[in-house]
Amino acid sequence: MSPTQWDFPVELCCRPMAFVTLTGLDVVYNAVHRAVWDAFCANRRADRVPISFKVLPGDHEYPKCRTKRTSYEWYIPKGILKTGWMNKHLNLVPALVVVFYELDWDEQQWKEKQSECATRVEIVRQSLQGRNTKVAVVLIQKKTPLPPGEDVIASERAAALCNACDLSGKSLFVLPHTDHLVGYIIRLENAFYEHAQTYYYTEIRRVKSHKEFLNKTTHQLLFVRHQFKIAFFSELKQDTQNALKNYRTAYNLVHELRAHETNMLEIKTMAGFINYKICRLCFQHNTPLDAIAQFRKHIDLCKKKIGSAELAFEHAAWMSKQYVFLVASTTPNHSACTYKQKLHETIGNAWRANCALHRILSSTLKEDQKSRIEKNLIKVLMNESPDPEPDCDASAVKASQKLWTDRVSLAGSNIFTIEVQDFVPFVQCKAKFLAPSFHVDVPVEFDVYLKADCPHPIRFSKLCVGFNNQEYNQYCVVEEAYQKSDVLEYSSQGPVCLVPGKTRKFTFKFVAKSEDVGKKIEITSVDLILGTETGRCVILNWRGGGGDAASSQEALQAARSFKRKPKLPDNEVHWDSLTIQANTMIISRVPNISVQLQHEPPALTNEMYCLIVTVQSHEKTVAKDVKLTAGLKPGQDANLTQKTHVTLNGTEICDDSYPALLPDIPVGDLQPGEKLEKAVYIRCGTVGTRMFLVYVSYLISATVEEKEIICKCHRDETVTIETVFPFDVAVKFVSSKFEHLDRVFADIPFLLMTDILSASPWALTIITSQLQLSASMVPVDQLESYVENVVLQTGESASECFCLRCPPVTNGQSGVATGRYVISWKRSSAVESVPVICTVITLPHVIVESIPLHVNADLPSFGRVRESLPVRYHLQNKTSLVQDVEISVEPSDAFMFSGLKQMRLRILPGTQQEMLYNFYPLMAGYQQLPSLNIILLRIPNFTNQLLRRFIPTHIFVKLLLEIEDLSTY
């Protein structure tokens, strides 16, 4: 057992800091982004908030969140703490994901940029599904922002962006790229730190909520696990006092666990982890005596937990390491004399424990013994008897040789497979693909590294690599034929000869199959064969890309080591620095075509929006079987999918049967340099922002390593299109005097006015309009369109007026349907073949009331000074009763009149009476007529105010001199 097994993991020993990931930063090719990243991570002073930053792509896949348990009734935990839990929350699961995006408040294409930013945020949320990780957006801007409240456009657009991204105002930040970049970054860090604090507080609450489901009979391990998690999250939150409190509770719970031989090592390991945390926090709080008291308690509790007697040496190794870790947990500023004395005592104990361990392990094999064992092993493999050990009794040697001879002559299987992954073998293996992905028209290359740790050079007969697609196995084999006696002979010419301590590299390459595009190629096994089938054959088998029980510790030590590695010759490598890369992705060949999209945004509701796709081939050979996929990009809101329809036929309107995406439209072959245009028509039934996908695929021949393959290439373009209303329609009811009506009167004519206001940035042509009345409405005049072929520019309006009448309605009916207003229109720039769009506006209901008496006046449109002006009043009884009416006329200073000034008459049901007056104008201008006052004796609440809706109160009077002037025209 190697003493390095007891080294604590890096994630336990480091200071826990809030983990924040930054996406949207291209730190390699974008100088501005690089400067932002350097300001976050370079030369961080001690006074800056403790945050661990990491740059990741926007579509990075975070660890999936397991389904939350609602009950632990039947759950039996397999252990105290999962091995990767601390690393997951330190380096894999962020408390906050920050999306960086370059966007100024005065951006011309604001809507498109806003939509793209919202899409990026949504992608991040999708990858974090099920987690409480916070999301924030930082806008990188070129200009320094104005003080809050002074920039109205910025405030409006910030609110719109927060709404589109579903963010609170506290999660949207602005980062001006100016000379004071570091200052802005520090302010950002502080805001990020607050978000992270909230996240870890939520996680602590979530873990605490699990306690109510636990019982100490079956869930002892979970009590420890949850207490440790709360303490660790408190450390991440930088609440070290609560962290120490919870670690102490967890430590006590560990020692309450029922211990037996199978879980003794796990209990001691967990106790060591928590003890280290407690000691380290005590030193951090400047209470070293508490740390030493805790350590002594730890040693007293654990020294008798030996377990199996055969593993006593393992317990001694573990105990010695505990003293080393106490020293490692100290901080440099503790220099009190008492503390020094205590520390020296613990170091002395550690020295004595290490000496005991050295005595236990001093009985290892010497080099000559190893050499003899290796040679004997090879002899056994060659179906020969091994040499006897020195100082063996001669009679025993003869007896054993006879037994070996009998055994060798027995028939049986001569092939043995040894899986060496779980221990430290005499040959180490690491396999590594040269890249995480390969294009299908590029050979896949990978290296297999072998290193022998035996005393003598050794020759293997075969090296072969297995893949998840076994068809590739035949290309990755190295074989060597040799005599039995040559196994331990070194040959520099031998293909599979390994020299002790030297790393041997084997390079393989093969051509991936076209059908594996988009799939992972994984190394499933590496087999190293010693011997031949004529003798005995041993297959050393590594699962995956190699590695063994010591590899993880070697990698850890290499990562922790700060020593400068010596320079090696070009053909040699440092074994510890090699990493295993056991899989790679086969991706499609890089397309050599261009795809351009031409359109006139925004789209208008329900129109056949034309998107012209231009595809041009830049391939040197014919691009065959070209197919086009166009339409709404999958994964968006389901309501958008239902209200978006795509077609290639722009001469007729799409209905709901048309799909939102047209897949694999065949367009034939493309010759080199040939250009193809295809018009795609999109009908959007609702307003909003949509992302459309245009995907072009084709087949082309390619030669790879003198082998011809058919590659399927594709290029896709996405475009964000916003759909807006083409126009706003205002409808109102007015009287014959053009006064607003909130209700109409039965059988009394009124006017319906419509106003069409263009909201489109493009010119619209109103082809025609149609008023479709309901059964409860009757037109007074013939209904015809007054806006035929009218062209409306942005902000212009077109109005129509219709005279209608509503017959009497039944009692109790509050409102009457008016009908529908249908507008037929199209873009002025659209070609003739594009169909006309019909937009249907449902007209509002109107309240209809009955009136007992209707008064109508017949009079000229104007009068002249000192000329008689005849005025005839018609009084109609709308009731079923005889009405007694009192009529009076109030004089006006602008008129003299002849006629009855006051009278009383009776009007029979359904009949009307006429009254004739001659008004004589005295003054020119817009003059008030003499007022007609009517009182219905049977209906005392009938007012003149109601009558004034129907009869004119003023008239324009001209001068008599104007007659001659007007007659000349």
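As a basis for the values below, the full set of heavy atoms in this structure was taken, side chains included, without hydrogen atoms, waters or symmetry mates.
- Other residues, nucleotides and ligands contribute at most 12 non-hydrogen atoms within 6.0 Å of the CG atom of Asp893.
- With hydrogens and angles disregarded, a donor-acceptor distance shorter than 3.5 Å links the side chain of Thr605 to the backbone of Val724.
- Residues Leu611 and Val694 form a side-chain contact, since some pair of their non-hydrogen atoms from C-beta on lies under 4.5 Å apart.
- Heavy-atom contacts from other residues, nucleotides or ligands closer than 6.0 Å to CD of Gln108 number 12 or fewer.
- Salt bridge annotation for Glu607-Lys826: absent, with no cationic side-chain nitrogen under 4.0 angstrom from a carboxylate oxygen.
- Judged by distance alone, with hydrogens and angles left aside, the side-chain atoms of Ser892 form a donor-acceptor pair with the main-chain N or O of Gln928 at under 3.5 Å.
- Nearest heavy atoms, Leu804 versus Pro779: CD2-CA, 4.0 Å.
- Residues passing the side-chain hydrogen bond (donor to acceptor under 3.5 Å, both in side chains) test with Thr641, sequence neighbours excluded: none.
- Counting only residues at least two apart or on different chains, the ring-ring contact (aromatic ring centres under 6.0 Å, His included) pairs with a member in residues 718-744 are Phe727-Trp825, Phe733-Phe750.
- For Glu784, the CD atom is densely surrounded, since the number of other residues' heavy atoms within 6.0 Å is greater than 12.
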| task | Determine, step by step, whether Arg827 and Glu600 satisfy the salt bridge (charged side-chain N to carboxylate O under 4.0 Å, His left out) criterion, reporting the C-alpha distance in whole Å, the side-chain angles of both residues, the deciding distance to 0.1 Å, and the verdict. | result | CA-CA 11 Å; Arg827 288 194 189 213; Glu600 295 180 344; 3.5 Å; yes
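- Proximity of a side-chain donor or acceptor of Glu886 to a complementary backbone N or O of Ile935 within less than 3.5 Å is not detected.
- Considering only residues two or more places apart in sequence or on other chains, Tyr609 meets the ring-ring contact (aromatic ring centres under 6.0 Å, His included) condition with His599.
- By the salt bridge (charged side-chain N to carboxylate O under 4.0 Å, His left out) test, Arg866 is found to be paired with no residue, residues two or more places apart in sequence or in another chain being considered.
- At least one side-chain heavy atom of Val729 sits less than 4.5 Å from a side-chain heavy atom of Ile823.
- By the side-chain hydrogen bond (donor to acceptor under 3.5 Å, both in side chains) test, Glu890 pairs with Asn933, sequence neighbours left out.
- Ile939 and Pro852 get closest at one heavy-atom pair: CD1-CB, 3.4 Å.
- For Lys878, the NZ atom sits in a packed shell: over 12 heavy atoms of surrounding residues, nucleotides or ligands are nearer than 6.0 Å.
- Considering only heavy atoms from C-beta on, Val778 comes within 4.5 Å of Pro807 through its side chain.
- Using a distance-only test at 3.5 Å, with no hydrogens or angles considered, a donor-acceptor pair links the side chain of Glu107 to the main chain of Gln109.
- Legend: residues meeting salt bridge (charged side-chain N to carboxylate O under 4.0 Å, His left out) with Asp728, ordered by chain and number and at least two apart, are absent.
- Other residues, nucleotides and ligands place more than 12 heavy atoms under 6.0 Å from the NZ atom of Lys737.
- In the displayed structure, Ile153 atom CD1 is contacted under 6.0 Å by at most 12 heavy atoms of other residues, nucleotides or ligands.
- Once rounded to the nearest 0.5 Å, the distance linking CD1 of Ile653 with SG of Cys838 reads 8.0 Å.
- Between Phe897 and Phe919, the two ring planes are perpendicular [angle over 60°; tilted spans 30° to 60°].
- Donor-acceptor pairing under 3.5 Å is recorded for the side chains of Thr651 and Asn649.
- Sequence neighbours left out, the pairs with a member in residues 847-882 that pass ring-ring contact (aromatic ring centres under 6.0 Å, His included) are His854-Phe950.
- A salt bridge links Glu849 and Arg743; the closest N-O separation between the charged side-chain nitrogens and carboxylate oxygens is under 4.0 Å.
- Counting only N and O atoms by type, the side chains of Thr644 and Arg683 include no donor and acceptor under 3.5 Å apart.
- Between Leu161 and Leu167 there is no side-chain heavy-atom pair separated by less than 4.5 Å.
- For the pairing with Ile612, the side-chain contact (heavy atoms from CB on, under 4.5 Å) check across Gln596, Glu677, Lys678 returns one residue only, Glu677.
- For the pair Gln913 (side chain) and Leu905 (backbone), a donor-acceptor distance under 3.5 Å is absent.
- Distance alone, capped at 3.5 Å, is enough to place a donor-acceptor pair between the Asn877 side chain and the Thr879 backbone.
- At a cut-off of 3.5 Å, with distance as the only test, a side-chain donor of Arg690 or Thr723 sits close to an acceptor on the other residue.
- The CD1 atom of Ile140 sits 6.0 Å away from the CZ atom of Phe100 when rounded to the nearest 0.5 Å.
- No side-chain donor-acceptor contact under 3.5 Å links Arg864 and Ser868.
- Just one residue in the list Glu867, Gln927, Met923 forms a side-chain contact (heavy atoms from CB on, under 4.5 Å) with Val957, and that residue is Gln927.
- Taking 4.5 Å as the limit, every side-chain heavy atom of Val790 sits out of range of all side-chain heavy atoms of Thr765.
- With hydrogens and angles ignored, the 3.5 Å screen pairs no side-chain donor or acceptor of Ser115 with any backbone N or O of Lys111.
- Remark: side-chain polar atoms of Tyr917 are paired, donor with acceptor, to backbone N or O of Leu900 under 3.5 angstrom.
- The stretch residues 151-177 participates, sequence neighbours left out, in these ring-ring contact (aromatic ring centres under 6.0 Å, His included) pairs: Phe173-Phe192.
- Lys170 pairs by the side-chain contact (heavy atoms from CB on, under 4.5 Å) definition with Ser168, not counting sequence neighbours.
- A search for salt bridge (charged side-chain N to carboxylate O under 4.0 Å, His left out) contacts involving Asp884 returns Arg906, not counting sequence neighbours.
- The closest side-chain heavy-atom distance from Leu929 to Thr953 is not below 4.5 Å.
- Residue Pro860 comes nearest to Pro870 through the heavy atom pair CD-O, 3.5 Å, listed as atom of the first residue, atom of the second, then distance.
- The side-chain hydrogen bond (donor to acceptor under 3.5 Å, both in side chains) search around Arg805 returns Asp747, not counting sequence neighbours.
- One N or O on the side chain of Ser774 and one on the backbone of Ala817 form a donor-acceptor pair closer than 3.5 Å.
- Using modelled atom types, one finds no donor on one side chain facing an acceptor on the other under 3.5 Å when comparing Gln770 with Tyr821.
- Scanning for salt bridge (charged side-chain N to carboxylate O under 4.0 Å, His left out) contacts around Arg938 gives an empty result, with sequence neighbours left out.
- You'll find the side chain of Ile837 stays beyond 4.5 Å of the side chain of Leu604, heavy atoms only.
- The shortest side-chain heavy-atom distance between Gln876 and Asn856 does not fall under the 4.5 Å cut-off.
- Contact record, Val885 with Leu875: CG1-CD2, 4.3 Å, taken as the closest heavy-atom pair.
- Here the closest non-hydrogen pair linking Leu771 and Leu783 is O-CD1, 3.8 Å.
- Within the 3.5 Å criterion, the main-chain N or O of Ser769 finds a donor-acceptor partner in the side chain of Ser785.
- Looking only at atom types and distance, the side chain of Ser758 has no donor-acceptor partner in the side chain of Thr794 under 3.5 Å away.
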